[in-house]
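What follows is a single structure, written as structure tokens, with notes after it.
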Amino acid sequence: MLTSKERAELRAKANGIETTLMVGKEGVTESLLAEADNQLTARELVKGKVLEAAMMTPREVSDQICEALGAEGVSVIGTKFVIYRFSQKLQEERNQTGRAKRKAIPVSKSDPVRKGLRARRQAAKKQREQRNEYFRQMAIDKAIEKQREKQLHGE
């Protein structure tokens, strides 16, 4: 099962790849599954398109392929879909060529949403305190001025 962060990363990678799997009016056939299996083994990430002649929605096609091949559906947008399956063969090739190994997604202990909320609250509190101090000082200045005017008019 893919996490939302992994799914987002795979969607970003899928933007740059070409559509290589076409589903026609026959729907999901054995030959289509064989081709999808070959492509998933070779690339891990496959983008497909459901043609208008097909009597299935892209979501149905994606679900059937994923169920048959043990893959994960990454996204379905319009008539296109993206599926992913980890390929041990591809991982071994990466390890032999020295390319980056499968990275673990870093887990942050701090919640960025709460951190931003806390920072905004502190900034608002500081601004309120500055505003209150300004008005307090203005009130003191006005009181002093009135006191002086009374003394000048009273004498």
ask   = Is there a path of hydrophobic side-chain contacts, each under 4.5 Å between heavy atoms of I, L, V, M, F, W or Y residues, that connects I17 with F86?
value =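 Yes; tracing contacts between hydrophobic side chains, which count when under 4.5 Å, links both residues.
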
ask   = Are V28 and V76 joined in one hydrophobic group, where the rule is that I, L, V, M, F, W and Y side chains link up if heavy atoms are under 4.5 Å apart?
value =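 Linked, V28 and V76 end up in one cluster.
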
key: Shortest non-hydrogen contact from V46 toward T20   =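 Shortest heavy-atom separation between V46 and T20 comes out as CG1-OG1, 3.8 Å.
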
task = Please name the pair of heavy atoms, one in F81 and one in K49, separated by the smallest distance, quoted to 0.1 Å.
result =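 Heavy atoms of F81 and K49 come nearest at CE2-N, 3.8 Å.
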
key: From CA spacing to verdict: side chain to side chain contact (heavy atoms under 4.5 Å, CB included), L90, R43   = CA-CA 7 Å; L90 195 58; R43 299 186 208 153; 5.5 Å; no

request  = Take Q151 and Q147 through the test side-chain hydrogen bond (donor to acceptor under 3.5 Å, both in side chains) and record every step on the way to the result.
outcome  = CA-CA 6 Å; Q151 287 177 356; Q147 194 70 13; over 6 Å; no

task = Would you indicate whether the side-chain heavy atoms of L10 and R7 approach each other to under 4.5 Å?
result =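 No, their side chains stay 4.5 Å or more apart.
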
inquiry  = Run the salt bridge (Lys or Arg N to Asp or Glu O under 4.0 Å) test against K13 and tell me which residues pass, sequence neighbours left out.
reply    =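 Salt bridge (Lys or Arg N to Asp or Glu O under 4.0 Å) list for K13, sorted by chain: E9.
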
message = Can you tell me how far apart CG (N38) and CG (L21) are? Round to the nearest 0.5 Å.
response =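 It is 10.5 Å, given to the nearest 0.5 Å.
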
Gap between atom CD1 of I144 and atom CD of E149 - 0.5 Å precision =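 Taking CD in E149 and CD1 in I144, the distance rounds to 12.5 Å.
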
Side-chain donor or acceptor of K47 paired with backbone N/O of A14 under 3.5 Å =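 Side chain of K47 to backbone of A14, a donor-acceptor pair under 3.5 Å: yes, one is there.
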
ask   = Is the side chain of E44 donor-acceptor paired with the backbone N or O of R85 at a distance under 3.5 Å, no angle test?
value =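 It does not hold such a pair.
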
Donor-acceptor pairs under 3.5 Å, side chain of residues 50-75 to any protein atom, not counting sequence neighbours: which ones?
| unit_1 | atom_1 | unit_2 | atom_2 | d |
| --- | --- | --- | --- | --- |
| T57 | OG1 | E60 | N | 3.2 |
| E60 | OE1 | T57 | N | 3.1 |
| E72 | OE2 | M1 | N | 3.4 |

key: Partner of V23 under side chain to side chain contact (heavy atoms under 4.5 Å, CB included), chosen from L32, T79, T29   =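 The passing option is L32.
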
Mind listing the side-chain donor-acceptor pairs of residues 126-136 below 3.5 Å, one per line with the distance, residues two or more places apart or on another chain?
| unit_1 | atom_1 | unit_2 | atom_2 | d |
| --- | --- | --- | --- | --- |
| N132 | ND2 | R128 | O | 3.4 |
| E133 | OE1 | R136 | NH1 | 2.7 |

message = Pair L45, V82 - check side chain to side chain contact (heavy atoms under 4.5 Å, CB included), show working.
response = CA-CA 7 Å; L45 194 62; V82 179; 3.6 Å; yes

